[in-house]
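In what follows, a single structure is set out as structure tokens and then discussed.
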Amino acid sequence: MAPDTLEGRIVQDADRLDAIGAIGIARAFAYGGSRGRAMHIPSEKAKEDMTEEEYFANQGTSVNHFHEKLLKLRDLMNTPTARRIADARHEYMVGYLEEFMAEWEGERRIC
């Protein structure tokens, strides 16, 4: 739910923007690592439509966290400026995840 004031919406956007993009990627893996979570387990699928209680109890992988939350944040921005910034950061995360998965599957080789 969006805050009632413009200032509140801006602060909410700033918080969400902090969670995505290059720094958001680093934060996601640092947090997951600090909690002993796996980076990725191919057989473990992301959980969709979790309740708030399920979300906070979730011990899933860092990669799944992108699908469960981070990739959804772009569409939750309140202001036009935040939406523009979020678009770029979202695309960066999508590209990162594509590269991560390709390397995980051994599809990237250095010759």
(request) Please list, chain by chain and in numerical order, all residues satisfying side chain to side chain contact (heavy atoms under 4.5 Å, CB included) with Ala30, sequence neighbours excluded. (result) none
(request) Output all residues satisfying salt bridge (charged side-chain N to carboxylate O under 4.0 Å, His left out) with Glu44, sequence neighbours left out; order by chain, then residue number. (result) none
(message) Which heavy atom of Asn78 sits nearest to which heavy atom of Ala2, and what is that distance?
(response) OD1-CB, 3.4 Å
(request) Please report the closest heavy-atom contact between Leu73 and Ala19, naming both atoms and the distance. (result) CD1-CB, 3.8 Å
(message) If hydrophobic clusters are built by linking Ile, Leu, Val, Met, Phe, Trp and Tyr wherever their side-chain heavy atoms come under 4.5 Å apart, do Ile85 and Leu71 end up in the same one?
(response) yes
(request) Could you tell me which non-hydrogen atom of Pro42 sits nearest to which non-hydrogen atom of Trp104, and how far apart they are? (result) CG-NE1, 3.4 Å
(request) Tell me who clusters with Met50, hydrophobic residues only, linked when side chains sit under 4.5 Å apart either directly or through other members. (result) Tyr55, Phe56
(request) Would you please name every residue forming a side chain to side chain contact (heavy atoms under 4.5 Å, CB included) with Phe29, sequence neighbours left out? (result) Ile25, Met39, Ser62, Val63, Phe66, Tyr96, Phe100
(message) If hydrophobic clusters are built by linking Ile, Leu, Val, Met, Phe, Trp and Tyr wherever their side-chain heavy atoms come under 4.5 Å apart, do Val94 and Leu17 end up in the same one?
(response) yes
(request) Find out if a path of hydrophobic residues (ILVMFWY) with successive side-chain heavy-atom gaps under 4.5 Å connects Leu97 to Ile41. (result) no
(request) May I have all residue pairs that pass salt bridge (charged side-chain N to carboxylate O under 4.0 Å, His left out) and include part of residues 3-26, sequence neighbours excluded? (result) none
(request) Could you tell me whether the side chain of Glu54 and the main chain of Thr51 form a donor-acceptor pair under 3.5 Å? (result) yes
(request) Treating Ile, Leu, Val, Met, Phe, Trp and Tyr as nodes and any side-chain heavy-atom pair under 4.5 angstrom as an edge, say whether Met93 and Met101 lie in one connected cluster. (result) yes
(message) Tell me every residue that passes side chain to side chain contact (heavy atoms under 4.5 Å, CB included) with Glu48, counting only those two or more places apart in sequence or in another chain.
(response) Ala46, Lys72
(message) Are Met77 and Ile23 connected into the same hydrophobic cluster when the rule is that any two of I, L, V, M, F, W, Y join if their side-chain heavy atoms are below 4.5 Å apart?
(response) no
